Structures are given as C-alpha cells and as structure tokens.
Amino acid sequence: MANTKKTPELTEISEAQIAVHWREEKYYHPSAKFKAQANMRDPRILKKFGLDKFPDCFKEYAGMLTWFKPYRKVLDTSNAPFWKWFAGGKINASYNCVDRHLEKHRNKAAFLFVPEPEDEPDVALTYQDLYNRVNEVAALLRDLGLKAGDRVTFHMPMVPELPITMLACARLGIIHSQVFGGFSGQACGSRIQDSGSRLLVTMDGYWRNGALIDHKVNADIAVKTAQEMGQDVDKVLVWQRYPGKYSSKTAMIQGRDFFMNDLLKQYHGRKVGPVALPSEGALFLMYSSGTTGKPKGAQHSIAGYLAYVTGTSRWILDIHPEDTYWCMADIGWITGHSYIVYGPLSNAATSVLYEGVPTFPDAGRPWRIAERLGVNIFHTAPTSIRMLRKLGPEEPRKYNYRFKSMTTVGEPIEPEAWRWYYREVGKNEAVITDTWWLTETGGFLGTTVPALHPMKPGSCGPGAPGIHPVIYDEEGQEVPKGSGKAGNICIRNPWPGIMQTIWGDPGRYVKTYFAKYNKKPKSKNWRDWPFMAGDGALQAADGYYRILGRIDDVINVAGHRLGTKEIESACLTVPEVAEAAVVPVTDELKGRMPEIYIALKPGIQPSREIHNRIVKANEDLIGKIARPKEVYIVPDMPKTRSGKIMRRVLASISNRRDVGDVTTLANPDVVEQIRHMVQGKEAAVSKAEIPEDIARFGQND
Ligand code: WTA
C-alpha cells in the first residue's frame with residue numbers, strides 16, 4: 001500500500017517553483033522627437049492619477065467627451081461591484097465619434113478601407129460620408145422598430161459597413177453584439193440566443209487569403225441554431241461586398257433576408273438625431289470565453305467606456321487628428337471595438353481598415369499599405385509580429401514608411417520578437433507600447449505612457465494612469481511589491497472602462513472577477529472589491545509588470561481566448577467520444593494552441609475518420625481558430641482515484657515536460673503509454689522553464 005500516504009504530488013506546483021526566473025532586459029528610451037510631439041508629456045499626470053485622487057482623476061477623460069447633460073457623480077458605488085460611472089449624465093457615442101467632428105474635419109478621412117485584393121482601390125470615407133451613412137442606417141433600424149436597449153447581433157467581416165452599423169445602433173441606444181466574422185454559424189447562433197437578438201446583420205461574402213468566402217451561409221446556420229435554442233430571428237439584413245451584386249451561393253429567404261443595399265434606397269439623405277442616452281446605458285456586448293463552456297457577454301457602458309477609450313487612445317496610442325493610424329486587429333474583438341472604432345473616432349483619427357490577412361499575398365503587404373497611406377501609428381499582436389518576422393524578416397526595410405509609435409496587444413511578447421519589431425518594423429525610431437488588458441476591461445490596464453516611461457521588452461510596464469494593480473497569492477496575501485514573485489494580478493480600483501456586468505448573469509460577474517479576493521460581500525466601498533483579471537503576473541523591482549498568461553481554463557490562441565470547456569463540449573458532440581480533455585501547448589507562431597486527448601466509448605476503434613470528425617466539430621461549433629494542433633485518441637485518460645481527469649499531466653506530456661510522480665493516480669500505466677504516443681519512445685524531455693500558464697494549467701481540477 002505504498003500510495004496511501006499523503007505525499008505531495010510532484011506534478012503540483014509549489015510556491016518556490018512559481019517564482020519565475022527571467023533575465024532583466026535593458027531599457028529603450030523614447031526619442032526627443034517623439035516626446036516633443038506627444039499628447040501626454042507631463043510627468044505630473046502620474047501623480048494626478050494617484051490612488052489618493054481616485055475617482056475624480058477620471059474627470060479628465062470625461063472632459064474629452066461632449067455631453068448633452070453633465071453628469072452628477074463621478075462614480076456611484078451604491079450597487080457595488082456594479083459600478084456606475086459619470087452617473088446622471090446624458091450622452092451619445094455616435095455623436096461623439098462622428099457629428100462633433102464635422103465642423104473641423106468634415107472632409108478628412110475617418111476610415112481608409114483597404115480591400116484584400118491588391119488591384120481593388122482603397123476607399124476613403126470622410127467624416128461627412130460616415131455621418132451620412134450612419135444616419136441612413138439609423139433611420140432604417142428605427143423604422144424596423146428597434147429602440148434603445150434592444151439587442152442586435154452582427155456577424156460581419158472587416159469592412160466599413162461594420163463600424164457604420166455599430167455607430168447607427170449607438171445613435172439610437174441599440175446594444176450591438178458583433179460576433180467575430182471568423183466564428184462559425186453555430187457560435188454566432190448561440191450568442192444570438194444569449195443576447196436575445198431578433199435581428200442579425202451580416203454580409204454576403206468577403207476576401208480572405210485570396211478567396212471570396214461565402215459568408216451568408218453562416219447566417220442560415222446561426223438563425224437555425226438560435227431557433228433551436230429558443231430564440232427566433234425575424235430578419236437578416238445582408239450587406240453586399242459589391243453593392244448590387246450577390247457574392248454568395250446561398251439562397252435569400254423570402255420575408256426574412258433583405259439586402260441592405262435595397263432597403264437603404266429609400267433612406268438616401270435621411271437624418272436621425274442622436275438620442276440623449278443615460279451614461280450608464282449599455283453600448284455593446286462582447287462575448288468572450290471563460291472557465292465554463294458558455295461564453296459570457298461582457299456588457300460595456302456608453303459614457304464610462306467611451307471616456308476610457310478616448311483618453312487612452314489620446315495618451316497611450318498618441319493619436320492626433322493629423323496622424324494616420326492602423327490597428328491590424330479585427331473589429332470582431334475588443335481591440336477593434338476600442339482601438340479601431342470608438343477610441344480613434346472619438347479623437348477624430350484617420351484609421352486604416354484592412355479587410356484581409358496580413359501576409360497576403362506576401363509578408364511585404366502591411367509595409368506596402370503603410371508606405372502608400374502614410375501610416376505613422378501601427379498597432380498589432382505578437383502573433384502577427386512573429387508571423388511577419390518569420391516570413392519576411394527584412395521586408396520592412398524595402399518600404400519607405402515611418403512609424404512614430406507602435407503597439408502590441410493580446411499575448412505576452414518574447415523579448416526576441418519585441419526587438420525585431422523595434423529594430424526592423426519601427427526602424428529603431430518608433431516607441432512601442434505593450435498594452436495588457438482584457439475584453440472585460442474595455443481598455444488598457446498595464447502599459448507605459450510612451451513619452452514618460454522607458455520601454456522594457458517583455459514587460460507591459462506599470463499600470464496605465466489611474467490603474468493600480470496589486471498581485472495577490474492564492475490565500476489573498478499581497479505579494480511584496482517589486483519582488484519578482486508571481487501571483488494573481490488584480491486591480492485595486494474600478495476605472496471607467498470596466499464592463500458593467502455579464503449580460504443576463506450578474507452572479508457570474510461577481511463570482512468570476514471579485515469573489516476570490518472580496519472579504520466583505522455587502523460592502524459599498526470600492527476598496528473592498530479588487531478586480532481579478534485572471535492572469536498570472538509578477539512585478540520587477542522597477543515597478544514594471546510582466547504578464548505570464550491565463551490562470552483559468554482559457555487558452556490564448558494567437559491572442560484569442562478559447563475556453564477549454566467549449567472545445568471539450570464540441571468534441572463530445574461526436575457520438576463515439578466518451579471523454580475529451582484539452583490542454584494548451586506552446587506554438588512558435590500562435591503562442592498557444594489547443595491539443596486534444598480523446599477516449600472513445602467501449603468497443604470503438606480509433607480511426608482517421610473519427611479524428612477528422614473531431615477536428616470538424618470544433619471548426620463547425622466554434623470556428624477555424626479552434627482547430628487543434630493535434631488530436632490524440634488514447635486508451636484511457638490519466639485519472640485520480642476519484643475519477644477526475646488529470647489535465648496537468650496531459651499538459652506536461654504535450655509540452656515535452658517531465659510528468660513527475662504519477663504513482664498516486666488510479667491508472668499510472670496509461671501515462672507512460674500516452675507519453676510514448678505523443679513524445680515517441682526516446683523523446684527527450686525539455687529542460688527549459690515551463691511557461692507559467694502551462695505550469696499552472698489544470699491546477700484546479
Ligand atoms: C492576454 C485582449 C500579455 C492576457 C485585449 C489576458 C496579454 C487576455 C496582453 C485577454 C499583453 C492581453 N501581454 N498578455 N500585452 N494583452 N493579454 O479578452 O492573458 O481577448 O487575460 O483581450 O490576453 O484577452 P482578450
């Protein structure tokens with residue numbers, strides 16, 4: 001009975017192991033030229049946004065907006081932790097992003113749309129054009145009977161019609177919910193159901209990697225899925241990629257599907273006054289993955305959100321109306337909402353909107369676009385940086401563009417990739433802001449203020465102005481400041497960009513982000529409600545944070561969050577599958593990818609065909625981004641004696657690490673069989689330090 005005594009399992013991560021060792025990187029300093037032109041170059045601002053000045057410091061951001069009625073209270077905490085920012089005010093996001101710029105910037109481009117086919121001309125949309133088109137769509141939506149508080153789901157690609165429709169909703173107070181265009185019809189359908197939308201807005205097709213993709217087909221699947229889940233969709237509005245021409249093979253359904261182009265004919269020149277909406281109204285929902293299989297709709301407010309993205313676009317992205325700004329993210333993610341649409345437009349930016357893949361037709365494409373359009377602020381994710389570096393390390397040199405400022409977002413960036421970005425893309429001249437934040441936070445949490453702080457590769461920097469991070473250990477003790485010890489990063493204070501709640505599930509909001517570290521559940525004092533971001537992090541002696549990755553069951557694939565439970569549920573839709581376990585594995589380009597372990601029902605033999613159906617189930621139910629790196633059909637899952645699947649053992653195997661002592665498992669032999677299957681007989685185990693998120697993965701199983 002060797003295994004009955006309570007020896008700690010070696011697969012458990014001890015406190016000491018969590019203290020991650022990493023080389024201190026040297027600083028890079030912003031140039032005098034950059035500093036001289038920066039929107040925020042007054043070092044006193046950091047004090048002005050000190051915790052002792054909270055919450056009044058954020059009046060500064062509210063002051064960047066145009067209000068229909070001034071707010072009464074900066075922060076109302078009476079229903080903590082459901083914060084109400086700028087309470088009592090009346091405002092409209094569409095007015096702030098469009099109408100108020102007409103006087104000065106009427107004929108300046110709001111968007112420069114770059115189609116993926118290189119022979120198709122760019123389209124410049126001036127603020128006047130944007131105003132006209134937003135009004136026409138708003139008039140149409142109003143005539144369809146939609147009003148403030150109703151939800152509308154979009155499943156749109158990266159085309160100007162997406163921000164136009166968003167702003168039309170915002171004009172009336174309709175809550176938009178854009179589902180990333182690359183998600184499947186089913187994924188869209190379940191989000192339609194959750195939000196209770198009766199209207200879906202989509203496009204017939206769009207260009208991606210050289211092909212005109214039929215996208216309307218997804219709308220049919222989405223409507224069917226929503227209906228099966230109990231939500232009827234009355235109408236599907238279909239934009240045409242080429243107005244007047246239908247670019248899809250899927251039939252239009254009489255009485256349900258309508259071409260926007262046809263409907264809008266009667267609305268030419270129509271105007272709709274922007275509705276004066278309460279500050280605390282909801283602007284949009286953005287669905288994201290979490291610990292359970294059900295995506296959660298992060299609900300963002302009108303005034304607080306808009307103030308926060310306006311302020312951070314001005315001070316951190318350093319957008320001036322004279323700049324040409326390009327964020328390569330997709331508007332279907334929070335980065336696009338905050339830093340392609342609302343933040344930049346509120347600052348009267350000229351923003352580039354690119355339809356396609358950055359490496360199409362070759363790795364020089366982004367730099368050709370930058371050169372042609374005179375882009376001087378560039379914003380992208382580590383995955384794209386790694387890809388562009390791999391495919392064309394010297395491409396940027398061939399093009400004559402000059403960036404003053406660059407951003408990275410979405411995943412930790414390796415110092416090597418950071419230095420290439422700095423040296424080759426930024427030509428040793430542009431500043432880099434590494435911005436750490438989440439769907440739920442609306443805008444940046446951790447970042448340097450580019451003219452005030454030096455940059456350090458691999459670290460996002462200190463908290464953004466007015467954001468006061470703290471790292472707690474599992475027991476709720478504060479990890480000493482600057483100690484370099486890892487723990488769970490939280491924000492001590494609320495900020496205007498924070499989500500209001502999870503749509504339809506306020507209990508989950510409190511539980512996910514606050515319950516762990518809140519000691520007084522009835523408290524109305526914001527000090528009792530630190531926000532738990534769900535990332536591991538450490539703080540170096542200089543106060544800079546290094547983000548280590550998710551601590552929950554979320555895999556960050558190419559900067560996009562996928563819940564392991566969502567993937568596992570997709571696998572279980574294949575009838576032969578008895579059990580599925582998903583683990584993150586490191587990937588050179590995408591950062592992390594899911595690997596799937598499957599146990600089949602008794603008597604069923606593994607086959608290529610089952611394997612393919614498992615992959616397809618993920619693509620159909622979630623989208624192509626959920627395609628696993630590998631699927632292993634194993635004889636049995638490693639389990640504890642109580643029958644729990646030991647995902648962390650599988651994660652060690654997938655990541656070529658030692659599995660440690662597994663003798664306490666119910667079926668230790670199967671571990672060696674699986675290891676053999678995945679790593680091969682002789683496979684050497686990597687001695688390199690295991691990334692924090694993977695080391696911790698499955699700890700809570
Ligand atoms: C990760 C994207 C390191 C993090 C805006 C977070 C980052 C998750 C960074 C949120 C960064 C985002 N450095 N990690 N600069 N930015 N992350 O909701 O794990 O799609 O929790 O929001 O991405 O992803 P989301």
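One-based numbering, in listed order, for ligands and for the atoms of each. The structure displayed is predicted, hence computed values, not measured ones.
At under 3.5 Å, not a single nitrogen or oxygen of Ile547, backbone or side chain, sits near a nitrogen or oxygen of ligand 1. Between Asn556 and ligand 1, a contact under 3.5 Å exists for at least one N or O pair. Where the criterion is an N or O separation shorter than 3.5 Å, residue side chain and backbone included, Arg550 meets it with respect to ligand 1. The shortest N or O to N or O distance between Asp434 and ligand 1 is under 3.5 Å. At under 3.5 Å, a nitrogen or oxygen of Arg561, whether backbone or side chain, sits near a nitrogen or oxygen of ligand 1.
For Asn618 and Glu566, the side-chain atoms include no donor-acceptor pair closer than 3.5 Å. Donor-acceptor pairing under 3.5 Å is recorded for the side chains of Thr433 and Thr407. Side-chain contact check for His379 and Tyr325: at least one donor-acceptor pair (N or O, by modelled atom type) lies under 3.5 Å. For the residue pair Trp436/Asp535, the side-chain donor-acceptor check at 3.5 Å is satisfied.
When Asp693, Leu548, Asp535 are ranked by how near their heavy atoms come to atom 19 (O) of ligand 1, first place goes to Asp535. Atom 9 (C) of ligand 1 has its nearest heavy-atom neighbour, among Gly442, Gly336, Ala329, Gly410, in Gly410. Looking at Thr439, Thr441, Thr407 and measuring to atom 20 (O) of ligand 1, the nearest heavy atom belongs to Thr439.
If you look at Glu411 next to ligand 1, the close heavy atoms, those under 4.0 Å, all belong to the backbone.
Taking the ring centre of Phe183 as origin, the terminal cationic atom of Arg191 falls inside the region bounded by 6.0 Å and 45° from the ring axis.
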